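Data first, discussion second: the structure below is written as structure tokens.
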Amino acid sequence: MRIDIITVLPEMLDGFVNTSILARAQKKGLVEIHVHNLRDYTTDKHKRVDDYPFGGFAGMVMQCQPIDACISALKAERDYDEIIFTTPDGEQFDQPMANQLSMDKNIIILCGHYKGIDYRIREHLITKEVSIGDFVLTGGELAAAVMADAIVRLVPGVLSDEQSALSDSFQDNLLAAPVYTRPSDYKGWKVPEVLLSGHDAKIKEWELTQSLERTKRLRPDLLEK
Ligand code: ADE
């Protein structure tokens with residue numbers, strides 16, 4: 001899988017892309033992540049990528065030209081499954097969306113900034129608009145990082161078996177069961193007996209009961225999905 005991230009702040013993503021799960025996935029040859037500096041694509045001699053909005057509104061707006069130039073250059077090299085724009089008014093990012101995007105071959109993530117981007121880009125080039133939650137970030141870089149992390153760890157081979165993504169919270173619209181490690185008794189705080197029993201069927205049943213109980217208590221909305 002290949003992810004191209006377009007940003008005015010590449011330095012914000014470089015560190016992240018070259019450490020964390022993304023670095024490991026790239027080293028294994030399973031994923032390629034490329035960060036593109038939008039300023040490299042502007043025809044403006046001062047390297048500006050934003051301008052005042054028509055209509056006299058407040059804030060600055062990212063211009064069509066550099067975004068179009070960058071996306072066109074990428075599209076000339078390969079086909080893309082999705083061209084995503086990170087924005088607080090987009091569709092809510094969640095585990096099913098991460099699952100779906102992890103099956104794509106090539107995606108672009110365009111990070112928003114300033115007051116927004118010229119709406120014509122959204123109408124003509126963007127295929128999916130995504131928000132990571134109901135709050136406003138200063139830019140889309142953190143949103144792109146969150147998405148890339150959640151997507152890449154689902155690409156087959158990225159996680160080892162024991163870290164398997166299958167038992168994650170949200171994977172079946174259920175929160176994960178609690179986990180424990182040695183010692184089984186720490187200052188009198190005991191690990192649930194059943195986990196020490198070696199009885200696989202009973203342990204599975206306990207895990208499901210715990211998942212359901214925690215979901216009902218903490219995220220009842222998930223059970224309605
Ligand atoms: N850009 C600013 N806020 C955002 C959010 N909540 N999700 C995605 N992109 C954003």
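As the structure lists them, so they are numbered: ligands from 1, and atoms in each ligand from 1. Computed from a predicted model, the values in this text were never measured in an experiment.
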Checklist entry - Are any of the N or O atoms of Leu137 closer than 3.5 Å to those of ligand 1? => result yes
Item to check | Side-chain (Asp81) to main-chain (Asn106) donor-acceptor, under 3.5 angstrom | outcome: yes
Checklist entry - Any chance the side chains of Gln92 and Ser131 put a donor and an acceptor closer than 3.5 Å? => result no
Item to check | Test item: Thr42 side-chain N/O and Arg48 main-chain N/O as donor-acceptor pair under 3.5 Å | outcome: yes
Checklist entry - Do any nitrogen or oxygen atoms of Phe135 lie less than 3.5 angstrom from nitrogen or oxygen atoms of ligand 1? => result yes
Checklist outcome for this item: Closest to atom 1 (N) of ligand 1 among protein heavy atoms sits Pro88 CD, 3.6 Å
Checklist outcome for this item: Heavy-atom nearest pair, Cys70 first then His36, reads SG-CB, 4.1 Å
Next on the checklist: Quick test: of every protein heavy atom, which one is nearest to atom 9 (N) of ligand 1, and how far off is it to 0.1 Å?
Outcome noted: Thr87 N, 3.2 Å
Item to check | Check: Ala143 N/O within less than 3.5 Å of ligand 1 N/O | outcome: no
Checklist entry - Is it the side chain, the backbone, both or neither of Asp134 that has a heavy atom closer than 4.0 Å to ligand 1? => result neither
Next on the checklist: Test your reading of the structure: does Val136 have an N or O sitting under 3.5 Å from an N or O of ligand 1?
Outcome noted: no
Checklist entry - For atom 7 (N) of ligand 1, which candidate among Ile132, Ile84, Thr86 holds the nearest heavy atom? => result Ile132
Next on the checklist: Ignoring hydrogens, what is the shortest heavy-atom contact between Leu74 and Tyr80? Give both atom names and the distance.
Outcome noted: O-CE1, 3.4 Å
Next on the checklist: Please give me the minimum heavy-atom distance between Ile5 and Ile33, naming the atom from each residue.
Outcome noted: CD1-CG2, 4.1 Å
Checklist entry - Is it the side chain, the backbone, both or neither of Val130 that has a heavy atom closer than 4.0 Å to ligand 1? => result backbone
Checklist entry - Any side-chain heavy atom of Thr86 within less than 4.5 Å of one from Leu137? => result no
